[in-house]
Amino acid sequence: MSEIDDYSAQVLDVVDSIPAGQVMSYGDIAEYLGAGGPRQVGRVLSRYGGGAPWWRVIHADGTPAEGHETRALEHYLAEGTPLRSAAPPVRVNMRQAQYIPPGE
DNA sequence: GCAATGACTGGTA
DNA sequence: TTACCAGCCATTG
């Protein structure tokens, strides 16, 4: 079975700590961890996102992962995430939905 | 070791 | 608002 790196584990831990109805951008997570960059966070989700609420991690623009907009939209509607656009291009209202974890 | 790639970001047009 | 460009950082061939 596959083991994951500490960095990946940290990313998944932060993503898993995001409450329903809120989201974080790739860059925010990378900045919060203080390591790597948004591309590395996205890479972790593409690899291990299957076991974490990846739909709560979106671009700084408020758009979900490309190719998964519909899948993410289903979760947003179910969790009551503040959407700025309920139709494609799907956009989340970052102003309200952006989750800031404790510790800043 | 270098070049290309990727679930990214910010700025400018 | 959308489109294009340059920058950033780790992985992969």
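Note on naming: letters A, B, ... go to the chains in the order of the sequence lines (proteins, then strands), and numbering restarts at 1 for each one.
Following rounding to the nearest Å, Ile4(A) (CD1) and dT11(C) (P) show an atom-to-atom distance of 14 Å. With rounding to whole Å, Arg39(A) atom CZ is found 5 Å from dC8(B) atom C1'. Taking atom NE2 on His59(A) and atom P on dC8(C), their separation rounds to 20 Å, with Å as the unit. The nearest whole Å value for the distance from the CD atom in Glu66(A) to the P atom in dG6(B) is 12 Å. Rounded to a whole Å, the CD1 atom of Ile29(A) is 17 Å from the P atom of dC9(C). dC9(C) atom P lies 13 Å from atom CD of Glu31(A), rounded to whole Å. What separates OH of Tyr7(A) from C1' of dT11(C) is a distance of 13 Å, to the nearest Å. Between the CG atom of Asp28(A) and the P atom of dA7(B) there is a distance of 19 Å, rounded to whole Å.
Looking at which nucleotide of DNA chain C each of Gly37(A) and Arg47(A) is closest to, the 5′-most match is held by Gly37(A). Toward the 5′ end of DNA chain C lies the nearest nucleotide of Pro38(A), the other residue of the pair Pro38(A) and Arg43(A) mapping further downstream.
Near-neighbour residues of DNA chain C inside residues 81-96 of chain A, defined by a heavy atom below 4.0 Å, number-ordered: Arg84(A), Pro89(A), Arg91(A).
With contacts defined as side-chain heavy-atom distances shorter than 4.5 Å, the pair Ile18(A)/Val23(A) does not qualify. With a 4.5 Å cut-off on side-chain heavy atoms, Arg47(A) and Ser8(A) do not count as touching.
The side-chain hydrogen bond (donor to acceptor under 3.5 Å, both in side chains) test applied to Trp54(A) returns no partner, not counting sequence neighbours.
Between Tyr26(A) and His59(A), the two ring planes are perpendicular [angle over 60°; tilted spans 30° to 60°].
Here the options are Arg71(A), Glu69(A), Glu79(A), the test is side chain to side chain contact (heavy atoms under 4.5 Å, CB included), and the partner is Trp55(A); only Glu79(A) passes.
Taking only side-chain atoms of Ser46(A), from C-beta outward, the nucleotide of dT9(B), dA7(B), dC8(B) with the closest atom is dA7(B). Closest to the Ala65(A) side chain, of the nucleotides dT9(B), dA7(B), dT12(C), is dA7(B).
Among the atoms of the strands shown, base atoms are found under 4.0 Å from some heavy atom of Gln40(A).
The aromatic ring of His68(A) stacks onto the base of dA7(B), its centre lying under 5.5 Å from the centre of the six-membered base ring with the two planes under 30° apart.
Pairing each heavy atom of Arg91(A) with each of Asp61(A), the nearest pair is CD-O, 4.3 Å.
Environment of CD in Gln10(A): crowded, with over 12 heavy atoms of neighbouring residues, nucleotides or ligands closer than 6.0 Å.
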